[in-house]
> 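Below is a structure I'd like to ask you about.
Per chain, numbering begins at 1; letters A, B, ... match sequence-line order.
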There are 2 protein chains.
Amino acid sequence: MTKDGAGDETPTLEQARRQVEHYGLDADPQAVLVAVRLISAGARVGRAAEAHFARFGLSTGRYRLLADLEDHGGEKSPSRLAADLEVSRATVTGLLDGLEREGLIARRPSAEDGRGSVAILTARGAQRLRDMAPEHFGRLESMVGGLSVEERAVFLDLLARVVRGSAALAAD
Amino acid sequence: MTKDGAGDETPTLEQARRQVEHYGLDADPQAVLVAVRLISAGARVGRAAEAHFARFGLSTGRYRLLADLEDHGGEKSPSRLAADLEVSRATVTGLLDGLEREGLIARRPSAEDGRGSVAILTARGAQRLRDMAPEHFGRLESMVGGLSVEERAVFLDLLARVVRGSAALAAD
DNA sequence: ACCAAGTAGTTAGCTTCCTAATTATCTTGC
DNA sequence: GCAAGATAATTAGGAAGCTAACTACTTGGT
């Protein structure tokens, strides 16, 4: 069951082995393969998500912002959004620009801080989330539908650990 | 051992549960969480990889192209590169432009096909790969170093199945 | 042999994200 | 109480990916 069987998986164990050998390194080809596949999978899933959100006139970033806003009561400062979504403040500015243009959020100056502002989910923004919910969650569910409940738990755990490890890629 | 313990995982099970409830849907919050975390993890890993390759003056796409070229004997047509790397031909044109500007690849018209051309790994390109190999593979290894050999095999299997499932996101 | 349709590569224009620099405001330390 | 430094948001500019449209060549049907 754990047999490979795929056939079209982009980087193969063979390629990984060949590369490691080629440079005379003692790295574990399996570990390298996992890392490379993960990077590749990240890009593919990201693109699939982008296409998914595009069906609703949103991007991954815009949807995440909208959903985060609603989950937080409909109001949040751009800085907090940036921190919570783990993107830069400049990116949040861009996402808000697009969402504001479509009337899904509104900006209001902050009452407490003269420098700051607050992003507010509009009725139209909330409606958009409501409209897409059934299909959105349905598709998300079918995305992982091939995994059993236990497998999902395992995957969640492994994924978290690998994401933590990915910090090592960029770190120093 | 499978305990959460993370604390900073971006979307939580609570959030997923709240959202599903909020819309009165019967989706499984755990499945939704897995999907959402995967999308989020994909973006994070992608950015980490981008930062990693930037240390060597490359991007993820450029590195993948260079590595694929070397693995294939140093010569390949842009179309095949696009197919093998799973990006569009236009993207390959852009990657080749950048790599050619830095002298890491060269372009030559195809002998067999008057429309086609061939990308060739230059000595300098091969050298670049050689220079970065020890650190590159070392970092890749440490990225998944938190996983045992068995866990890596499981992860590889689950990852492949979930990537296949991600097609369902965009499909239809 | 020739015209139609397909394919290779590029170009143009879009989006997302980034970093760095700018402007305005807040907060501290003296 | 005011100058110096931090912080909020924006702007400007860059890279990677996409699709669609264009050019040049090849191939296949009649």
> Could you tell me the separation between the CD1 atom of A/Ile39 and the C1' atom of D/dG17, rounded to a whole number of Å?
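My rounded result for the distance is 17 Å.
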
> In whole angstroms, how far is the P atom of C/dC14 from the CZ atom of A/Arg101?
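In whole Å, C/dC14 P lies 12 Å from A/Arg101 CZ.
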
> In whole Å, I'd like the distance from the CG atom of B/Leu66 to the P atom of D/dA16.
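Between P of D/dA16 and CG of B/Leu66: 13 Å.
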
> Can you see whether B/Gln127 engages B/Arg130 through a side-chain donor-acceptor pair at a distance of less than 3.5 angstrom?
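Their side chains do contain a donor-acceptor pair, which is all the 3.5 Å distance test asks for.
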
> Any side-chain N or O of B/Ser88 below 4.0 angstrom from OP1/OP2 of D/dG17?
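Checking B/Ser88 against D/dG17: no side-chain N or O falls below 4.0 Å of OP1 or OP2.
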
> Using whole Å, what does the distance between atom C1' of nucleotide C/dT15 and atom CG of A/Leu58 come to?
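Rounded to whole Å, this separation is 13 Å.
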
> Hey, does A/Gly61 reach any base, or is it just sugar-phosphate, or nothing, if we go heavy atoms under 4.0 Å?
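A/Gly61: backbone/sugar contact only, no base atoms under 4.0 Å.
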
> Side chains of B/Glu14 and B/Thr12: do they bring a donor and an acceptor to under 3.5 Å?
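Checked: B/Glu14/B/Thr12 side chains show no N/O donor-acceptor pair below 3.5 Å.
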
> Could you go through the salt bridge (charged side-chain N to carboxylate O under 4.0 Å, His left out) check for A/Arg152 and A/Asp157 one step at a time?
CA-CA 9 Å; A/Arg152 282 185 217 148; A/Asp157 174 51; over 6 Å; no

> Rounded to the nearest 0.5 Å, what separates atom OH in B/Tyr63 from atom NE2 in B/His52?
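One finds 7.5 Å between OH of B/Tyr63 and NE2 of B/His52.
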
> Between P on C/dT16 and CG on A/Leu65, what's the gap in Å once rounded to a whole number?
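Those two atoms, CG and P, are 12 Å apart.
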
> Mapping A/Gly94 and A/Glu112 to their closest nucleotides on DNA chain C, which lands nearer the 5' end?
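The 5'-side residue here is A/Gly94.
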
> Could you check if a side-chain atom of B/Leu13 sits within less than 4.5 angstrom of a side-chain atom of B/Arg17, using non-hydrogen atoms only?
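Side chain of B/Leu13 against side chain of B/Arg17, heavy atoms only: contact under 4.5 Å found.
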
> Base, backbone or nothing for each nucleotide of nucleotides 2-10 of chain C, written B, S, -, heavy atoms under 4.0 angstrom, 5' to 3'?
----BBSBB

> Do A/Met132 and A/Phe137 make a side-chain contact, defined as non-hydrogen atoms from C-beta onward lying under 4.5 Å apart?
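No, their side chains stay 4.5 Å or more apart.
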
> For A/Arg47 and C/dT15, give me the distance from atom CZ to atom C1', rounded to whole Å.
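Checked: the CZ to C1' distance equals 14 Å.
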
> Establish, with yes or no, whether the OP1 or OP2 oxygen of D/dA15 is under 4.0 angstrom from a side-chain nitrogen or oxygen of B/Ser59.
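For D/dA15, OP1/OP2 do not have a side-chain N/O of B/Ser59 under 4.0 Å.
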
> I need the OH-C1' distance between B/Tyr63 and D/dG17, as an integer number of Å.
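Nearest whole value for this atom pair: 20 Å.
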
> Round to the nearest Å and state the distance from B/Glu50 atom CD to D/dG14 atom P.
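B/Glu50 atom CD is separated from D/dG14 atom P by 17 Å.
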
> So if you build clusters from Ile, Leu, Val, Met, Phe, Trp, Tyr with side-chain heavy-atom gaps below 4.5 Å, do A/Val20 and B/Met143 land together?
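They do share one cluster, since a chain of ILVMFWY contacts under 4.5 Å joins A/Val20 to B/Met143.
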
